[in-house]
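Notes to accompany the following structure.
Numbered from 1 within each chain, the chains take letters A, B, ... in sequence-line order.
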Amino acid sequence: MQDSHARVYAAIAAIPPGRVASYGAIAARAGLPGRARLVGKLLGEVPDGMELPWFRVLRSSGEIALPKGSRGFREQVRRLCAEGVEVKNGRVALSAFGLDADLDRALWGAI
DNA sequence: GGTTTGACTGAAT
DNA sequence: CATTCAGCCAAAC
């Protein structure tokens with residue numbers, strides 16, 4: 001297991017229920033700034049059965065990254081809804097559910 | 001070993 | 001709002 005993988009998984013696992021984060025934010029928190037695509041790639045290879053809140057990861061725009069109507073897409077919407085995250089037309093309001101500065105600091109303790 | 005691809009992003013048009 | 005473009009990088013071709 002690569003170090004970067006473990007950090008990405010940790011960053012995702014640390015997102016609190018009812019909140020979401022962007023691929024870029026996860027990458028940055030994993031110490032891999034500018035590598036959002038790598039995060040997406042990793043998520044695509046997460047083995048089934050691994051406990052990981054992958055559904056809390058969205059595009060920076062708040063849209064779900066998976067193709068609309070695909071199985072994964074529906075799964076993601078379903079899980080987010082179950083946690084109280086409002087998904088409208090395949091999209092989440094990051095202003096309401098994204099991690100803001102305070103929560104970010106509380107979670108990661110950084111800066 | 002060059003090219004393409006991808007669950008991305010941000011700025012510009 | 002949609003398109004385009006340039007960064008980004010591991011993996012697959």
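Nearest to the side-chain atoms of A:Trp54 among the listed nucleotides C:dC8, B:dC8, B:dA7 stands B:dA7. Distances from the side chain of A:Arg35 to the nucleotides C:dC8, B:dA7, C:dA11 place C:dC8 closest. Distance from the side chain of A:Arg59 is smallest to B:dT9 among C:dA10, C:dC9, B:dT9.
Atom CG in A:Leu66 sits roughly 13 Å away from atom C1' in B:dC8 (whole-Å rounding). Between A:His5 atom NE2 and C:dA11 atom C1' the separation is 11 Å, expressed in whole Å. Atom P of nucleotide B:dA7 and atom CD of A:Glu75 are separated by 17 Å, given to the nearest angstrom. Distance A:Leu43 CG to B:dG6 C1': 12 Å, rounded to the nearest Å. Put simply, CG on A:Leu42 is 19 Å from P on C:dC8, counting in whole angstrom units. Going from atom OH of A:Tyr23 over to atom P of C:dG7 covers 24 Å, rounded to whole Å. In this structure, A:Lys41 atom NZ and C:dC8 atom C1' are separated by 13 Å, rounded to whole Å. At whole-Å resolution of the value, CD in A:Glu45 and P in C:dA10 are 13 Å apart.
As rounded to the nearest Å, C:dG7 and B:dA7 have P atoms that lie 23 Å from one another. Separation of the C1' atoms belonging to B:dG6 and C:dC8 is 12 Å when rounded to the nearest angstrom. Only the P atoms considered, C:dT4 is 16 Å distant from B:dT5, to the nearest whole Å.
Taking side-chain N and O atoms only, A:Arg37 has no distance below 4.0 Å to OP1 or OP2 of C:dC8. Taking side-chain N and O atoms only, A:Ser60 has a distance below 4.0 Å to OP1 or OP2 of B:dG10.
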Problem set entry | From CA spacing to verdict: side-chain contact (heavy atoms from CB on, under 4.5 Å), A:Leu42, A:Val46 | CA-CA 6 Å; A:Leu42 286 180; A:Val46 169; 5.6 Å; no

Exercise. Could you walk me through whether A:Trp54 and A:Gln76 pass the side-chain contact (heavy atoms from CB on, under 4.5 Å) check?
Worked result: CA-CA 8 Å; A:Trp54 56 269; A:Gln76 186 160 19; 4.0 Å; yes

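For the pair A:Glu63 (side chain) and A:Arg91 (backbone), a donor-acceptor distance under 3.5 Å is absent. Distance alone, capped at 3.5 Å, is enough to place a donor-acceptor pair between the A:Arg74 side chain and the A:Gly69 backbone.
Ion pairing between a basic and an acidic side chain is recognised when a charged N comes within 4.0 Å of a carboxylate O; A:Arg79 and A:Glu83 show no such pairing.
Of the two residues near DNA chain C, A:Gly34 and A:Arg91, the one whose nearest nucleotide lies more 5' is A:Arg91.
Residue contacts for A:Ser22: at a heavy-atom cut-off of 4.0 Å it reaches the sugar-phosphate backbone alone, with no base atom in range. Among the protein residues, A:Gly44 comes within range of the nucleic acid bases, having at least one heavy atom under 4.0 Å from a base atom.
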